[in-house]
4 protein chains.
Amino acid sequence: MTNTGINNGQLRSIVERIEHVQAEIEDLKSGEKEIYLESKSAGFDPKIIREIIRLRKKDPNELSEHEQLVQLYLEALGPLPLFEHAAE
Amino acid sequence: MTNTGINNGQLRSIVERIEHVQAEIEDLKSGEKEIYLESKSAGFDPKIIREIIRLRKKDPNELSEHEQLVQLYLEALGPLPLFEHAAE
Amino acid sequence: MTNTGINNGQLRSIVERIEHVQAEIEDLKSGEKEIYLESKSAGFDPKIIREIIRLRKKDPNELSEHEQLVQLYLEALGPLPLFEHAAE
Amino acid sequence: MTNTGINNGQLRSIVERIEHVQAEIEDLKSGEKEIYLESKSAGFDPKIIREIIRLRKKDPNELSEHEQLVQLYLEALGPLPLFEHAAE
DNA sequence: GGTTTATCAGTTCCTC
DNA sequence: GAGGAACTGATAAACC
């Protein structure tokens, strides 16, 4: 037997558990992909669907004090222009 | 009622199904993260664990192919020095 | 001489040119970091500064036909609620 | 005039200086990308080139340290099999 | 196949 | 200095 100073059983258990959960994740992703394909068949634009999902994830209530600070700085920079891409 | 020309029920169904499967994926990812934390508590290096997982996913053949190419390029660059940190 | 089938001089040239441009990038990043430190000394919040920079990068003119499609889908999903985090 | 309590000129200067250095960085990155494309045209594998660059950046000592740890873990998991794709 | 997008790992910075 | 958050860089995936 080779004693590596490592608890082999524990390591093996950890690795296998991670691999197992990753396999489950892969299955779910396959399912998700199928739904997108299905939506395409139904005449929807998957790209738009994706954006819908993304938008719905965002918390619309984002007027925190942080946002207020950002606003303050923006105002300090002047009303406009907000950006100057053409100015280079 | 606003008729948008879209089958609302079908769209809603699709969106909700996707969101549901995504929620499940998130749960599994949380579980995975916990296992990594647990491995850390047990004295393992999560970074190494990750690499182990990665290696086990790969086909050993393509692995060696890649390694051989790297070796070939390194040799073409000359035997040494491999790097020149002191040369700045 | 070891003939690897590789144009060594060309490979070396490519590698060194990339390393050179990367070194220049690193210098510039150092400069950027200094400006952030300076802004901190001047009493500004670097975190907010970063967000300002990010906002100014975005093109405010984002009302494309794409956005309109998204809007159409959102409307089809119903006026509200836009998202349902609590519904899980 | 709106007095926000912020030194507007100073803030503006900081923001513009950061944006300027970031623009320079972007230019250099574009140049780097071109070199990679060029290397591809010359028959080199950009992925391998990237790894070469990465290896040359690393201290060879810490590199072998890492490798040794990976090896130790792999051995602890048992001689073989390294992976079990067929076992599902 | 090639371009763009999204996910992911790695690094760094900041906080406690 | 340990943990967590933000940014960057790289891999993988999706659309054309």
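Naming: A, B, ... by sequence-line order, numbering from 1 per chain.
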Problem - Flag if over 12 foreign heavy atoms under 6.0 Å of NE2, His20(D) - result: no
Exercise for the section: Output yes when a side-chain donor or acceptor of Tyr36(D) lies under 3.5 Å from a complementary backbone atom of Ile49(D), and no otherwise. Expected result: no
Practice task
Give a yes/no answer on whether the side chain of Lys40(B) brings an N or O atom under 4.0 Å of OP1 or OP2 in dG3(F).
Solution key: yes
Show me the protein contacts with nucleotides 8-13 of chain E, counting only N or O atoms at under 3.5 Å.
{"from": "dC8(E)", "atom 1": "OP1", "to": "Lys29(A)", "atom 2": "NZ", "distance (Å)": "3.3"}
{"from": "dC8(E)", "atom 1": "OP1", "to": "Lys29(B)", "atom 2": "NZ", "distance (Å)": "3.3"}
{"from": "dC8(E)", "atom 1": "OP2", "to": "Lys29(B)", "atom 2": "NZ", "distance (Å)": "2.8"}
{"from": "dG10(E)", "atom 1": "OP1", "to": "Arg54(B)", "atom 2": "NH2", "distance (Å)": "3.1"}
{"from": "dT11(E)", "atom 1": "OP2", "to": "Lys47(B)", "atom 2": "NZ", "distance (Å)": "3.2"}
{"from": "dC13(E)", "atom 1": "OP1", "to": "Lys33(C)", "atom 2": "NZ", "distance (Å)": "2.1"}

Fill in the blank from the handout: Sequence neighbours excluded, the answer for side chain to side chain contact (heavy atoms under 4.5 Å, CB included) partners of Gln10(C) is Asn7(C), Ile14(C), Ala42(D), Phe44(D)
Exercise for the section: Indicate yes or no: does Arg12(B) engage Glu16(B) in a salt bridge with an N to O separation below 4.0 Å. Expected result: yes
Completion exercise
Taken to the nearest whole Å, NZ/Lys57(B) to C1'/dT7(E) is 12 Å
Practice task
Answer yes when Arg17(C) and Glu38(D) have at least one side-chain N-carboxylate O distance shorter than 4.0 Å, and no when they do not.
Solution key: yes
